There are 2 protein chains.
Amino acid sequence: MQDHLSQTFSALSDPTRRAILAKLSKGEANVSDLAEPFLKDMSLPAITKHLKVLEKAGLITKTREAQWRSCKLNGAPLRDASAWMEHYRVFWEESFNRLDEYLKTVTGKVSKGKRNGRKK
Amino acid sequence: MQDHLSQTFSALSDPTRRAILAKLSKGEANVSDLAEPFLKDMSLPAITKHLKVLEKAGLITKTREAQWRSCKLNGAPLRDASAWMEHYRVFWEESFNRLDEYLKTVTGKVSKGKRNGRKK
DNA sequence: CAGTTAATTAACTATACGGTTAAATATAAA
DNA sequence: TTTATATTTAACCGTATAGTTAATTAACTG
């Protein structure tokens, strides 16, 4: 098996799973509720598998009540993944600055936002 | 092929690739420089493949000068991935609050940080 | 030109992944 | 006890992924 961060990013690398998380962000839901929007595209066992991936990554937890499994979003792994990305923030803000420089040369104007003056 | 976000998360789901990005965050580097720390564990073609994955995900760009390919980190896809995660921030801060509540019951004290009073 | 260095491509292999259908499990309801 | 509902498991399939070794491309160097 792999490290936590790899497992998290891997779990997030599928649009169905991200959609499931999006739905869970609106509140707990059981498997059939979660599956419903996807049943035109895939079978229920496919959803079960996706939920297993999310569960192993720690992104959701399931609790059983009678024959229903209620799923709940767990943010902790996202916190770690987000923290990892923060180290790179400077790289996308830098590219914003380059865009800013570019716009200045094109329009003679300067966009709003940071502008930590790269002279020349 | 898949959507951008899936491609980004997928590219990030490998520790070798994340290590490559970490090294590139310290400055541009060519392929052999990037490969060097990994050559005990894997071959050069393996690195070439990892770089291709990163390149297709838009996380790096390669420029050639003579027989060297210089690689440079590109933050834009990380910005998008990070923005996606931001929607879930409340879920990891919420769990912090629950920890906070728990600590309060155990120690009678309250930790520093936000405390948007969930009474009862 | 011959040789060296940097990196990629080709061909192959093993395993993981995302899906399927059919069968099994578990609880509730009649 | 049968039937219905919710969900999972098993077995399978095709494709993608991560690695290998060997061969190839491309540019520089003596």
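Keep in mind that what you see is a predicted model, and the values were worked out from it rather than measured. Quick note: numbers below take in every heavy atom, side chains included, and nothing from hydrogens, waters or symmetry partners.
Between Ser82(B) and Trp92(A) the shortest side-chain heavy-atom distance falls below 4.5 Å. In this structure, the side chains of Lys72(A) and Ile60(A) stay at 4.5 Å or more apart for every pair of heavy atoms. No side-chain heavy atom of Asp14(B) sits less than 4.5 Å from a side-chain heavy atom of Phe9(A).
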* Determine, step by step, whether Glu55(B) and Thr61(B) satisfy the side-chain contact (heavy atoms from CB on, under 4.5 Å) criterion, reporting the C-alpha distance in whole Å, the side-chain angles of both residues, the deciding distance to 0.1 Å, and the verdict. => CA-CA 6 Å; Glu55(B) 200 175 14; Thr61(B) 50; 5.9 Å; no
* Can you check side-chain contact (heavy atoms from CB on, under 4.5 Å) on Arg69(B) and Thr63(B), steps first, answer last? -> CA-CA 6 Å; Arg69(B) 268 74 165 181; Thr63(B) 59; over 6 Å; no
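No path of Ile, Leu, Val, Met, Phe, Trp and Tyr side chains, each step under 4.5 Å between heavy atoms, connects Trp68(B) with Ile47(B), placing them in separate hydrophobic clusters.
Under 3.5 Å, the side chains of Arg18(A) and Ser6(B) contain a donor-acceptor pair of N or O atoms.
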* Structure fact -> Readout for nucleotides 20-30 of chain C: B = base within 4.0 Å of protein heavy atom, S = sugar-phosphate only, - = neither; 5' to 3' it is BBB---SBS--
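When rounded to the nearest whole Å, the span between CZ of Phe38(B) and P of dG19(D) equals 10 Å. Counting to the nearest Å, the C1' atom of dC17(C) and the CD atom of Gln2(B) are 11 Å from each other. As a whole-Å value, the separation of Glu36(A) CD from dA6(D) P is 13 Å. When the P atom of dA18(D) is taken as reference, atom CD1 of Ile47(B) falls 12 Å away, rounded to whole Å. The NZ atom of Lys62(B) sits 8 Å away from the C1' atom of dT8(C) (whole-angstrom rounding). In this entry the distance linking NZ of Lys52(B) with C1' of dA16(D) reads 17 Å, nearest Å. If you take CG of Leu51(A) and C1' of dT8(D), they are 11 Å apart, rounded to a whole angstrom. Put simply, CG on Leu39(A) is 16 Å from C1' on dG18(C), counting in whole angstrom units.
Residues of residues 8-23 of chain B having a heavy atom closer than 4.0 Å to DNA chain D, listed by number: Arg17(B).
Heavy-atom distances to DNA chain C give each of Ser70(B) and Val53(A) a nearest nucleotide, and the one nearer the 5′ end belongs to Ser70(B).
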